[in-house]
Amino acid sequence: INDMTKKKNKAQEFKLDYKVANKWFEQPTINKSGFCVETGVTLQYLLRVLHGQQPMTYKLTARIYPTMVKYGFKYRP
């Protein structure tokens, strides 16, 4: 397994805590609508997750985490 595969698998091995993600999304410089377009996640679904109404899944974490890091998210599992 090469390093790129290991990094990709790392994102799939953990779930973000929705409270940690919600705090990051509260920054005024983060546009949730634009973020959702970029990641392919619906805004309605993202908001339900961020408010704890739906679980943060491994699949959702794998989908949004790389884009969050791209825009300055510093959390490491």
Side-chain angles (χ1 to χ4, degrees):
I1 298 176
N2 63 31
D3 288 338
M4 198 63 156
T5 304
K6 286 180 185 175
K7 286 182 183 179
K8 187 175 182 182
N9 288 340
K10 184 88 172 162
Q12 295 170 348
E13 291 174 0
F14 80 101
K15 289 188 287 186
L16 280 173
D17 184 294
Y18 77 91
K19 293 175 187 171
V20 173
N22 191 36
K23 185 174 181 179
W24 183 78
F25 275 104
E26 287 175 354
Q27 297 176 88
T29 55
I30 302 300
N31 180 311
K32 289 186 192 91
S33 296
F35 182 89
C36 287
V37 168
E38 188 168 337
T39 58
V41 175
T42 66
L43 181 59
Q44 184 179 18
Y45 176 59
L46 181 65
L47 291 175
R48 286 195 311 258
V49 171
L50 294 178
H51 293 113
Q53 297 167 345
Q54 284 200 242
M56 177 70 78
T57 63
Y58 292 104
K59 186 176 177 180
L60 179 61
T61 297
R63 195 165 200 173
I64 68 173
Y65 181 73
T67 306
M68 290 174 74
V69 170
K70 176 180 171 182
Y71 292 110
F73 187 63
K74 300 271 193 262
Y75 177 80
R76 293 285 180 252

Shortest non-hydrogen contact from L47 toward K32: CD2-CD, 3.8 Å
Quickly, which of F25, Y45, W24 forms a side-chain contact (heavy atoms from CB on, under 4.5 Å) with L50? Name it, please. F25
Minimum heavy-atom distance between D17 and K19, given as atom pair plus value: OD1-N, 2.7 Å
Do T67 side-chain atoms and T39 backbone N/O form a donor-acceptor pair below 3.5 Å? no
Nearest heavy-atom contact between M56 and A21 is CE-CB, 4.1 Å
Main chain of V41, side chain of R63: is a donor-acceptor contact present, judged purely on distance under 3.5 Å? no
Contact check, side chains of N31 and E38, non-hydrogen atoms, under 4.5 Å: no
Taking all non-hydrogen atoms of both residues, which atom of S33 and which atom of L43 are closest, and how far apart? OG-CD2, 3.7 Å
Determine, step by step, whether Q54 and R48 satisfy the side-chain hydrogen bond (donor to acceptor under 3.5 Å, both in side chains) criterion, reporting the C-alpha distance in whole Å, the side-chain angles of both residues, the deciding distance to 0.1 Å, and the verdict. CA-CA 6 Å; Q54 284 200 242; R48 286 195 311 258; 2.4 Å; yes
dist F73:CZ -> Q27:CD (nearest 0.5 Å) comes out at 9.5 Å
Compare every heavy atom of L46 with every heavy atom of C36, then report the nearest pair and how far apart it is. SG-CD2, 3.6 Å
Does any non-hydrogen side-chain atom of L16 lie less than 4.5 Å from one of I64? yes
Can you confirm whether Q44 is buried at CD, in the sense that more than 12 heavy atoms of other residues, nucleotides or ligands lie under 6.0 Å from that atom? no
Would a single hydrophobic cluster contain both V37 and L60, if residues Ile, Leu, Val, Met, Phe, Trp and Tyr are joined by side-chain heavy-atom contacts under 4.5 Å? no
